[in-house]
Amino acid sequence: MATGIKDKVAIIGMGCTEFGEHWDKSPEDLMATAFEEALADAGIARDQIGAAWMGNALDDINVGNSALPLAHALRLKTIPVSRVENMCATGTEALRAATYAVAAGAVDIAVAVGVEKLKDTGYGGLPLRTKGLANDLWLPYGSAPGTFAQLAGAYAAKHGVEAGDLKRAMAHVSWKSHQNGAENAKAHLRKAVDIETILKAPMIADPLGLFDCCGVSDGAACVIVTTPDIAKGLGIANPVTVKAIQVCASHGWEMGYGEWDGASVRNTQVASQRAYAEAGIAPGDLSLTEVHDCFSVTELVTMEDLGLSAEGRAIFDVLDGRYDRGGALPCQTDGGLKCFGHPVGASGLRMAYEVYAQLLGRAGSRQLAKVDFGLTHNLGGQPANSVAAVSILGRLN
Amino acid sequence: MAGSQRGIARISGYLPLLRLDRAAAAKALRFSGLGGRGAGYRSVAGWDEDAFTLATEAARGTLVGSYPTQLIFASTSAPFIERSHAGVMIDALALPRTTRTQDVAGSRRCGLSALLDALLGRGDTLVAAGESRPAKAGNPFHFSFGDGGAAALVSDDAPARLIGHASLSHDLVDLYTSREHPTPYSYEERFVKDTATRGIIVPTIKAALADAGVAASDISQCVIIEPLAGMARDVAKLTGITAPNHAADLSAQAGDLGAAHPLFALALALDAAKPGDKVLVAGFGSGCDALVFDVAGQVPGAADTKAVLSQGLVFADYTRFLSLTGALSLDWGVRSEFEQKAQATVLERNGRDTIGFIGGRDAAGNVQFPKSRIPIRPDADGPEPLEDVRLADLTGTLVSVTADRLNFTPDPPFWFGLVQFENGARVMMELTDADARGFAVGDRLTMRLRIKSHDKRRGFRTWFWKAAPLARPEMEG
C-alpha cells in the first residue's frame with residue numbers, strides 16, 4: 001500500500017534566476033546561476049549531490065536533448081543525470097523525480113533544475129513544430145493561446161456568463177498578477193497595469209487579449225532535496241517538506257470522447273484531490289497558491305478545478321479580490337507565469353521557489369502574514385489534452 | 001447513339017465561399033488602365049482549397065450510395081505533376097481502391113473530353129473536374145477566371161442521355177501555360193475569336209447536331225465555352241442556336257472555371273431543361289468537343305448546383321484577392337517558417353483513414369477518431385475491434401472555439417475548435433469558411449475537404465477535413 005510522499009523529503013535549497021529576455025545568457029549560464037543560489041542556500045558541497053534531473057520542455061531551442069547540458073553546466077561528475085519532459089509540467093516533474101529518488105533511499109541528496117531559453121526562437125510566443133507524425137495529418141496547428149482560449153467560450157456557455165463579465169474577471173486576474181509582479185525583482189514583467197489597458201489590449205486568440213497571456217521568458221530554477229533527517233543534520237530544524245506531488249495526464253477522453261464540456265480541466269481536479277489526500281489537508285488549509293496562469297482564463301478555471309471556488313463562481317471570487325495578495329487565499333504572489341514569466345521547463349520549480357520563500361518568510365514586500373501550506377499547479381499541453389501537476393509544500397513541524 | 005440510355009445520372013457543382021466583386025476590386029487597378037470592365041463575381045478559393053479539393057467537394061455531390069467503377073480527375077491546375085489526384089480522391093471519398101482511376105489534363109477541354117469518354121465507355125464512371133488557376137495581377141484572366149469544381153456521374157440508366165457528339169482537335173494557341181510560364185500567356189483577341197469561332201467551335205457543334213439528328217432550333221439550353229467573352233453571339237449566329245448559354249452566366253457569376261466549366265454549366269443547363277429538351281454542351285481548348293443530350297427528367301444535383309451560384313460571401317479587398325490567388329507573396333514573418341514536412345511512411349499507414357475521415361465504432365457503439373487499439377471509451381479495458389465509420393458526411397456541433405490570431409495562417413484568423421458528432425465522435429478540428437459572424441459554441445457544422453498542410457519548401461501538401469458552417473450566406477441581389 002502506497003503511503004505517499006508526505007514529509008519524506010525536505011527542500012534545503014532553492015535558486016531561481018531572473019526571468020526575462022536574457023539575450024546575453026546561455027541556458028548553461030541560467031542553470032548554473034540558479035544552481036549556485038540553491039547550493040549556497042543549502043549550505044552543502046557540490047560533491048554531496050547524488051543525482052540530478054534536468055527539466056526542459058523544448059530541447060530544440062538552444063538547449064539540446066538529454067541531460068548532458070545540465071551535467072556540463074554544473075560539471076556534475078559521474079553522478080546519474082537525467083532529463084525529464086512533460087510539457088509545461090516539466091519543472092514539477094523534475095522535482096518529482098528528485099523527490100522520489102530521495103524518498104526511495106536511492107540517494108541522500110538530489111537536485112532538480114528546470115530551464116528554458118525561449119527567447120532564442122526569434123519571435124514571441126511559443127514555437128510550433130510539426131514532425132510529420134500521424135497527428136500532424138489532422139490535428140489543428142493551434143497556438144497556446146488558441147488552445148486555452150477555448151476554455152473561455154465553453155465556460156461562458158456552460159455557466160451562462162456574459163462575455164463581457166468573463167472578460168472583466170479575466171482582466172482582474174492579470175491586473176492582480178501585475179500588481180504582484182511589480183514587487184518581484186526577479187519577475188520578467190514588473191509593471192502594474194490598469195484594468196482598462198488590459199481590456200483594450202489587442203486580441204491574440206478570442207477572447208484572450210495580449211494581457212491575458214503570460215510572458216514568454218528565459219530562465220532557470222533549481223531545488224535541492226534531501227531527507228528531513230539529513231536536513232536536521234545540516235542544522236535545518238524545521239525544514240520545508242514536500243507534502244504531496246501528484247500528476248494526472250489525459251488519455252484522450254477530453255478530446256476524443258463526447259463527455260467533457262470544455263469548461264474545466266479534469267486533470268487538475270484529479271491531481272489536486274489526490275494531492276490534498278496525500279498531504280492530509282483540505283483546500284481551506286492552503287495559505288497561497290501558485291497556479292498555471294499561462295492565460296488569465298486558465299487561472300480562473302483552475303480556481304474551480306482546485307476546489308477553491310465553487311463551480312461557476314470563480315468569476316465572482318476573482319472580482320471580489322479573494323485571490324489578490326490581500327485576499328483570503330492569495331494566488332501568484334510572485335506575479336505568476338503572467339509576470340514572473342514562463343520559461344516552460346523552469347516554471348514548476350519557480351512556483352515552488354515562491355512557496356518555499358513564503359514558508360520561510362523570505363518573500364520581502366510580498367510576504368504573507370501566515371503561511372502553512374502552499375500549492376503549486378502546472379498544466380502542460382492544452383485543456384483538451386493536458387498534463388496537470390500539483391504539489392503541496394509546508395513545514396515539517 | 002440510338003437506344004442507349006447511357007448518360008448523366010447525377011451532376012454537381014461546387015464553388016468556394018468567397019466571391020470577389022470584380023467592379024469594386026478593379027478600382028485598385030484604375031491607375032494602370034488594367035482590370036477590364038469589372039462586372040459580376042469571381043469565385044476565389046480559400047487558402048486551403050485547390051483544384052483537388054474543389055473537384056472532390058463536387059464529386060461528393062454525385063455519390064449517393066453507389067460506387068463508380070472508374071474515377072477520372074480533370075484539371076489544368078492540379079497541384080501535383082507526379083502523383084495521381086484521382087488516386088487520392090478515392091480515399092477522400094472512401095471509394096474502393098479497386099476503382100480505376102486516372103488524371104487528365106492538357107487543356108481546359110479535358111473535363112468535357114473525359115465526360116465524353118465516360119459516356120462512350122462502360123460502367124458507372126465519375127468525372128470530377130476542379131480548377132484554381134493562377135494568373136498574374138493585371139492580366140484579364142486574373143479577374144475572368146474562377147475557382148471551382150464540377151462532377152458528373154455517368155451510368156447506363158440516366159435522365160440526361162447522350163444522343164450525339166463530335167470532336168475536333170486543333171492546336172490553336174489562344175493561350176498557354178507551361179512549366180516555365182505557369183500563368184496564362186495569351187495571343188491577340190481578334191485572331192482567337194475569328195479562328196476559334198469559325199474554324200473550331202461552329203463546325204464541331206454542327207457535326208454534333210448532325211450526329212444527334214437534331215436541328216439548332218431544337219436545342220433549348222446550351223453550354224458554349226467561349227475562349228473570350230462575347231464569342232457565343234457569333235457562334236449562335238453561325239449555328240442558328242438561340243438557346244440561353246449557361247456557360248456565359250457562370251462566367252459572369254463565378255468566373256471561367258476551366259476544366260470544370262462545361263460540367264458546372266451543364267448542371268445549370270440541365271436544371272433549366274424540361275423533359276424532352278435537347279441540351280448542347282461544347283467545350284473548347286486545343287479543339288472542341290460538342291455533346292448533345294436528351295433530357296428525360298430532372299437530373300439529381302442540378303438544382304443544388306444552381307443554388308450554389310447564389311450562396312457565398314462577397315468581398316472587394318483586392319490585396320486579399322492577390323494574396324489568396326498567389327499573385328502577391330506577403331512576408332508573413334518568422335512564424336510562417338514552421339516545418340510542415342509530411343512523411344510517406346505515415347501517409348501510407350494513416351493516409352486513407354485520415355483523408356477519408358474514417359473513425360471507428362467500438363463494441364459499445366461509441367465512435368471515435370482516430371481509431372486506436374484500445375478504444376477511447378472510459379470503461380474500455382482492453383483491445384476491441386473497431387468498425388469503420390466515415391465522419392466526412394456527418395454534421396457536428398461546436399463545443400469550444402477560438403479565432404487564433406497568433407499562429408500563422410495565410411488568411412487570418414486561424415479558427416479551430418472541438419467538434420462533437422452525434423455518434424459520439426469528437427475531434428479537435430480546424431474550422432473554415434467563416435462568415436462575417438465567425439463561429440460560436442453550439443454552432444452546427446458540416447465537413448469540407450481542405451488543405452491541411454502545405455510544405456512549400458518541398459512542394460508537398462496534405463489534405464484533411466475541416467468544419468464549416470452548415471449553411472452559406474445568400475448573396476445579395
Side-chain angles (χ1 to χ4, degrees), chain A residues 60 121-158 163 202-210 213 250-263 295 297 382-385, chain B residues 333-335 337-347 349-351 354-355 357 366-370 372 376-378 398-409 413-418 420-431 438 440-442 452-453 462-466:
Chain A
D60 45 355
T121 53
Y123 50 82
L126 292 177
L128 188 65
R129 294 282 189 280
T130 59
K131 294 175 179 172
L133 306 178
N135 281 351
D136 294 331
L137 294 177
W138 64 274
L139 261 177
Y141 305 131
S143 72
T147 57
F148 278 89
Q150 313 261 337
L151 268 177
Y155 183 93
K158 180 180 181 182
M203 197 60 79
I204 302 297
D206 301 22
L208 303 179
L210 181 65
C213 306
S250 296
H251 62 277
W253 171 77
E254 301 94 329
M255 197 159 65
Y257 190 72
E259 203 166 43
W260 180 57
D261 58 23
F295 304 97
V297 71
Q382 53 174 291
N385 196 29
Chain B
V334 186
R335 279 200 158 268
E337 293 174 3
F338 77 100
E339 179 62 72
Q340 298 196 60
K341 182 177 182 179
Q343 298 291 358
T345 50
V346 175
L347 282 171
R349 278 198 304 277
N350 303 92
T354 306
I355 200 169
F357 210 171
N366 184 63
V367 177
Q368 64 177 71
F369 178 89
S372 57
I376 208 163
R377 193 183 73 248
L398 203 48
V399 176
S400 68
V401 63
T402 194
D404 192 334
R405 295 161 204 280
L406 182 61
N407 261 10
F408 164 69
T409 176
F414 179 83
W415 287 97
F416 72 108
L418 199 53
Q420 182 67 47
F421 294 83
E422 284 177 12
N423 61 16
R426 156 177 291 207
V427 186
M428 187 68 82
M429 298 185 73
E430 290 182 36
L431 309 177
V441 170
K452 174 62 172 70
S453 69
T462 65
W463 298 279
F464 184 58
W465 298 83
K466 300 184 184 181

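Residue numbers start from 1 in every chain, and the chains themselves are labelled A, B, ... in the order their sequence lines are given, proteins ahead of strands. No experiment lies behind these values; they were computed from the predicted model shown.
For a residue to count as touching a neighbouring chain, one of its non-hydrogen atoms must lie under 4.5 Å from one of that chain's; by this rule B/Glu430 touches chain A with backbone and side chain alike. For A/Asn385, no part lies under 4.5 angstrom from a heavy atom of chain B. Contact annotation for B/Arg377: both backbone and side-chain heavy atoms come within less than 4.5 Å of a heavy atom of chain A.
Rounding to the nearest 0.5 angstrom, the gap separating the OG1 atom in A/Thr121 from the CD atom in B/Glu337 is 11.0 Å. Taking OG of B/Ser400 as the reference point, atom CD of A/Gln382 lies at 9.0 Å (rounded to 0.5 Å).
Across all their heavy atoms, A/Pro145 and B/Leu406 have their closest contact at CG-CD2, 3.6 Å. In terms of heavy-atom proximity, A/Ala149 sits nearest to B/Thr402 at CB-OG1, 3.3 Å.
Using a cutoff of 4.0 Å between basic side-chain nitrogens and carboxylate oxygens, B/Arg405 and A/Asp206 are scored as salt-bridged.
When the candidates A/Ala134, A/Ala144, A/Gly262, A/Pro202 are compared by the number of heavy-atom contacts under 4.5 Å with chain B, A/Ala134 comes out ahead. In terms of heavy-atom pairs under 4.5 Å with chain A, the best-connected choice from B/Ile355, B/Val401, B/Thr345, B/Val399 is B/Val401. Of the residues considered (A/Thr147, A/Leu208, A/Leu151), A/Thr147 shows the highest number of contacts with chain B, using heavy-atom pairs under 4.5 Å. For chain A, the option among B/Trp463, B/Phe414, B/Trp415, B/Phe421 with the highest count of heavy-atom pairs below 4.5 Å is B/Phe414. Looking only at heavy-atom pairs under 4.5 Å with chain B, the residue among A/Tyr155, A/Trp138, A/Phe148, A/Trp253 that has the most is A/Trp138. The candidate with the highest count of non-hydrogen atom pairs below 4.5 Å against chain A, out of B/Lys466, B/Gln368, B/Met429, B/Arg349, is B/Met429.
Taking 4.5 Å as the limit, every side-chain heavy atom of B/Val346 sits out of range of all side-chain heavy atoms of A/Leu133. A/Tyr141 is listed as a side-chain neighbour of B/Ser453, based on a closest heavy-atom distance under 4.5 Å.
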Kindly determine whether B/Met428 and A/Leu139 satisfy side chain to side chain contact (heavy atoms under 4.5 Å, CB included), including the steps that lead there. CA-CA 7 Å; B/Met428 187 68 82; A/Leu139 261 177; 4.1 Å; yes
Are B/Leu418 and A/Trp260 close enough, and set up right, to give a side chain to side chain contact (heavy atoms under 4.5 Å, CB included), and what steps lead you there? CA-CA 10 Å; B/Leu418 199 53; A/Trp260 180 57; 3.7 Å; yes
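Remark: side-chain polar atoms of B/Asp404 are not paired, donor with acceptor, to backbone N or O of A/Gly142 under 3.5 angstrom. Distance alone, capped at 3.5 Å, is enough to place a donor-acceptor pair between the A/Gln150 side chain and the B/Phe416 backbone.
Environment of CD in A/Glu259: crowded, with over 12 heavy atoms of neighbouring residues, nucleotides or ligands closer than 6.0 Å.
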